[in-house]
Structures are given as C-alpha cells and as structure tokens.
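A short write-up of the structure that comes next.
Here the structure is a predicted model, which is why all the values come from computation and not from measurement. All ligand and atom numbering here is 1-based and tracks the order in the structure. These numbers come from the heavy atoms of this one structure, side chains and all, not from hydrogens, waters or symmetry mates.
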Amino acid sequence: MLDAPEISDAEYDQLFSELQQLEAANPELKAPDSPTQRVGGAPSPMFAAVRHRQPMLSLRKAAIDLKAEGPELQHAELIDFDRRVREVLLKAKVDYIAEPKLDGLAVSLIYEHGVLVQGATRGDGETGEDITQNLRTIRSLPLRLRGEVPPLVEVRGEVFLPLAGFQKMVRDAEARGEKPPVNPRNAAAGSLRQLESVITAKRPLAFYAYGTGISEGWPQPARHRDVLDQLKTWGFPVSELIEPVTGAEGCLAYFEAIGKKRASLPFDIDGVVFKLDDLAGRNELGAVSREPRWAVAYKFPAEEAVTVLENVEFQIGRTGAVTPVARLRPVFVGGANVSNATLHNMDEVQRKDVRIGDTVIVRRAGDVIPEVKEVVLAQRPADARIVVLPPSCPVCGGAIAREEGEAIARCTNGLSCRAQLHGALIHFVSRKAIDIDGLGEKLLALVIDALDVRTPADIYLKLDAAKLAVLERMGEKSAENLVKAIDASRDTSFGRFLFALGIPVVGETTARDLAQHYGSLEALLAAAAADLATEHAEKKKERFPLLQSVPDVGPTVAASIAHFFAEPRNREVIDTLVKPREDGGAGIHWPAPKAAAEGALTGKTFVITGTLPGLSREEAAALIEANGGKVTGSVSAKTDFLLAGEAAGSKLAKAEKLGVPVLDLAALRGLIG
Ligand code: IVH
C-alpha cells in the first residue's frame, strides 16, 4: 500500500543496521541489490524523474545504548563519531551545528536567478521525482528568493506535517471512513506525492531548509552556520532549534535538552543531526557508502517495539472504570522494560482488533503509559483468542455496566469495591488534592485491610497514632508524623477539596474553576441539584445550564458533576468530611472566598501557554487575577485571550482556529496599563 509501512521504523532501523554490520564483516555477502546499496525509496514511475546533479546523501546513524552502564558507554557511538572527525582533522575540539532531525521528507529545490524552477524528492539519492507543482503549494517555501541571488542555487530541506495538521488528516480520513495515515511522516509523503496538486494544497505542510547543493556564482561561505544565515536572508524558514555546539559533550548536552522539549514541540522530531560546521573540513572527511563522515544522525531511543500479547486482564480504577491491560512478553522500549500496556477500553480493543496471542507493536513515549499501538495481523496465530469484557467486577464481584454511547465500562459498586476504594484514597491524599504526606499506596492498602478504612472520611475518623504504630514497617515516630500530616490536611482550599473527591472527568483545573465560580459547597450543590432536572433536554447546551456556565465545563463534565452529587453515598461521605470534629465529622474546612479583585481585566477569561520571559505561569496567573481576570486551563469559545509565550503548541493552534486574540506578555501589561 502506498506510504503504509509493514513494520515499525524502529524495527526497520534495527534490521538495517544489523545488515550493515553483517555486510561490513562479510563483504563477499553484500548483494548488489541489498537495501544498504540504495539511499532512499525508489522513485515512482508516476512522476517525471529528476537526476540530482549532486547526489542527495543519507546520514550515518549512531544509536544510543540505554542498557549500557554510564553515559560514556551509552553514548559510545556518538563519542566515536566525534573521535573519528577529530582524528581526520587533527583537532582537539570540533564545532558542530546541532539540528533537530525532522521526521519528514528531504527535498531538493532549484532556484534560477532567485526563482523556483524545480523541486524534487530525494528518491534513491541519485534520481528523485519531479514534484515541483506540489511543492509550490507549500506556503512557507519561497517561490522567489529575497535580496541578492546567484544565477543558480539548490536548496535542500525537509517537508513535514506539523502535529495539528496530522491530527486533522487523521480525523478527516476517519470521517470519510478511510484508513488514517499512521504517522506524520507518511502523511507528509502521501500528501507530497499526490498527482493532483490541489490535494497537496489542502494539506498543511511545512518546510525547513537545512543546506545547499549545487550552485553557480555563489561564493560558498566558510561555515554551515553562515549557510543557514544566508538561507534565512533568502527567505527560507530555518528551525529555531538549531544551535552551534562544541565537542561530544556539547552534542550530548544539546541532545538531552531537546529530548526534554520534544513532547511540547508542534511537530515530530526523531532525533538530532550533528553536522561539522567547517565546510572545508567536510571535504577532508568525505563520504563512505553514500554517508558523509562529517555528519551523524543521533536518534532518540526507539519508542516502539514488537512483542507478544500473552494475556489481557482487567483493572478497576478509582472511578470504577474497567481498563483492559495487556500482559506482554517483556520487551525493552523507550528506555525501560515493559511487560504491561494499557488497551484503554473495550472500544479500543475492538477497533485495533487485539486478540490474546497476537504479535503487537508496543509504544512507550517519554513518561506516557505504555500502550498497544497495533496488531501485526500477518503474524496472528490460528488460536488467537478474542478479548471479552468480564460480566462482573474481578475485584468485588459487583455488576459491570456500560452506559449507552460510553466507551468505558464501570464497576457499579463504588467505594464498596476495594479497588475503587484504594484508588479513591490514593487520589484523595495525593499532593494536588488533600495532600497527606507519608500516606502512600502500600500504607493505604494496609489501613483498608487492618484498620477498616472504608471512605476518605475514615482517614480522619479511624486512624490514630496508637493504631498506626502497630502496622507493618511503621514506628511510633512515623505514626505520630502521619497523624500530624492528617491533621494539617484538614485546613485546605475549596478547590483542593473538590479535586480530592475524585469526581469523574473533573481535573485539578476544573475543580479550581468550580471553586472559584461557586465560592461555597452549598452553592455548588444547589446548582448541581437544580441542573439535574434538565438532564434530558433536547439540545446538549440546554442540559445542565448552570454548571455549563463555568469556564471549560461542557455537557459531559457537567453531567458527571451533577450525577456525582446526586449519589446518596457520595453525599454522605462529603457531609462527614466537612462536619466539624466536635460533631463527629472529619472537620475539613477552608477559608471563605475572597471577593474577586476588580481591575482592568474584570470579566475576562485567560488561558496561559508556552514559556513566558522571566515569569512563571503561576506568577502570570496571579498577575491576571490581581487585575480581576480569570485563568482557566483550556481554550474554548468562552476564552477571551490566550497569553502565549515561547514554544506554544496546541493551545495556540486552537486559539487561532477559534479566533481567540493572542497576547504576549508585553501586550498583557499594556492591557493592564
Ligand atoms: S542533512 C548528508 N539535516 O534525514 C546530509 N537531514 O537520513 C543529508 N533529515 O534524507 C541530510 N532532518 O530526510 C539533514 N536537519 C536535517 C535533517 C535531515 C531530517 C532527514 C532527511 C534526510 C535523512 C537522512
């Protein structure tokens, strides 16, 4: 299938480098048609062939070895690259330019007297495809160069699809009932290699330039950084993430730093390219088997791996949600050994057609929970078993219900289900909720079993130093400290209290918004009760109108809040939590609401995104609130302004889409006056 790969990129890279090593050790085995002998994909006969006047080389890859001990061994291949460069150039330290490795398609652009006359894919490195018409549709790609231009210059760079555009393509494909693209690179490739450029034009492709090829009448600068500056002057977009670095240490520091930024970038990168800055030095180093010795691609550790799904078990979360969990044959991926991965819910299981015994691709990106990404259908065994939702809760035996139109099935036993109770308590005591230091998961399991804790309120009613001290691995001192921490947690804020209750789909921000909007528990309960009557209204907007007037609260969240407070068991726990201690309650309390500040921003709702110069987000929020404004977590039609700093991502895109005005810090200060 066109641009739909059969194995994961990581697998391909691994097999490819194994083949390279085998061939290096046994040159007699190297076949003329070995995949190592071609640089990229073969050109398609659907487009006119373009012979590159200077071959488009590939990049040598260096692999990080996370299993090795210590940074020196883990990064041995990169350190080796730098050593070879220094040996040839006879230098003690070498300057490199570090560039993000964009996950797109390399293209060659020929400009004659400053006008784009031909654009081509890399193809096999020797011959590519003429896609001039399609490339012309990319807005950020200049059709005519600015300033002084030579008679001839070839510019090279990467065409890629930013994540927002990729997600839109996925949604559009799904809406049309077509198979969505599997990753941004394939989506970009598919978009560029359209026979009809009107189709390409509809795809939000972007371009970054990173080098030059042939030229005439252009005195080549001495360094790569000068080339990049020239490209900018001519009007090309050049990535802001590109930086000069020195030595292997400099390369590693850059690699670490960009790895941290990666998840918040608006486009996919799969590693870093280090290029020798000195262009004369590049000639000295030359190329081996179509890979220059002056550059190296240092990829992030593989985030995908193939393994076997041995079983599926069902976990019960704190809201009763039943989550199918894949038990896997352990596999090293994303820097860790993974033996469990989430399957999210039964809809996902069905959509991905996951069966027990299947070979699956597992994905673990950054700190995200590992997930089963897809099944390798070609390797399905004959006895693969279909996954079925258990009829009753595997923990408490209670009924499992799945409401119509809901993807998630839930155990209906509430806090009587031990799994839900344990989860609810873990959430209740967590740092951003009621915040009881020293009451961890294991200890909570103990107090459930040994001290008969049955609700969050029981933490306050049933635990004392004497009872705690006799528990496993607790001493008198730690018991006393814990009692102090429990005591301190009684004095909290309304927002924390609401968050701690663990109302399904109500996160920290929504809890804070609700607290700010209603000011008191009584007011919130009254609104929730009044809204229940509107539950079956025709239009979604007419359901739960009071709750929906809170920023960021839509029909789903509103329904969850109203249902939560309508449940007598929940009300009983809440009553006990806030009842004064002298009346036999837990005595949780919070200060009465401050009257909102009045100021230039009164009545205006803000969302903050990106890194602001010299100000943390909390400080920016305080500044807005001190001037009467409100700060919420996500951009919606109710947002008045987006305050955007550097590296703003999806929120900025959403604000632009909704026409929400975007401010920088200076503009905000201007508003405040
Ligand atoms: S330079 C000889 N710079 O990686 C140098 N390539 O494996 C040739 N790529 O075909 C390429 N980001 O598609 C270069 N900053 C970057 C890059 C980059 C991504 C891709 C490009 C190329 C492939 C080489």
Using only heavy-atom distances, determine whether the side chains of [X] and [Y] contain a donor-acceptor pair under 3.5 Å.
X: E129; Y: T121; answer: yes
X: E646; Y: T611; answer: no
X: Y96; Y: H224; answer: no
X: H344; Y: E371; answer: yes

- Could you check which of R282, K275, E158 puts a non-hydrogen atom nearest to atom 3 (N) of ligand 1?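 Heavy atom nearest to atom 3 (N) of ligand 1 belongs to K275.
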So which protein heavy atom does [atom] come closest to, and at what separation?
atom: atom 4 (O) of ligand 1; answer: K101 NZ, 3.3 Å
atom: atom 8 (C) of ligand 1; answer: L57 O, 3.8 Å
atom: atom 10 (O) of ligand 1; answer: R122 NH1, 3.2 Å
atom: atom 17 (C) of ligand 1; answer: Y210 CE2, 3.4 Å
atom: atom 5 (C) of ligand 1; answer: L59 CD2, 3.6 Å

- Message: Strictly below 4.0 Å, N to O, side chains only: are R176 and D172 in salt-bridge contact?
- Response: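 Result for this pair is no, no salt bridge flagged.
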- Message: Taking the cut-offs as 6.0 angstrom to the six-membered ring centre and 45 degrees off its axis, would you call R146 and W234 a cation-pi pair?
- Response: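 No; the conditions do not both hold, so R146 does not lie above the ring face of W234.
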- Would you say L105 has any N or O atom under 3.5 Å from an N or O of ligand 1, going by distance alone?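 No; the residue has no nitrogen or oxygen that sits under 3.5 Å from a nitrogen or oxygen of the ligand.
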Would [X] count as a contact of ligand 1 if the rule is a heavy atom under 4.0 Å away?
X: G211; answer: no
X: M56; answer: no
X: S239; answer: no

- At under 4.0 Å between heavy atoms, which part of K61 makes contact with ligand 1: side chain, backbone, both or neither?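 Contact part for K61 vs ligand 1: neither.
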- Give every residue pair that meets the salt bridge (Lys or Arg N to Asp or Glu O under 4.0 Å) criterion with at least one member in residues 216-228, sequence neighbours excluded.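 Matches after skipping sequence neighbours: R223-D226, R225-D277.
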Distance-only check: which donor-acceptor pairs under 3.5 Å involve side-chain atoms of residues 246-261, not counting sequence neighbours?
unit_1 : atom_1 : unit_2 : atom_2 : d
T246   : OG1    : D95    : OD1    : 2.9
E249   : OE1    : K93    : NZ     : 3.1
Y254   : OH     : L241   : O      : 2.6

- Task: Identify, by atom number and element, the atoms of ligand 1 in contact range of E99, meaning under 4.0 Å from any of its heavy atoms.
- Result: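 Per the distance check, 3 (N), 15 (N), 16 (C).
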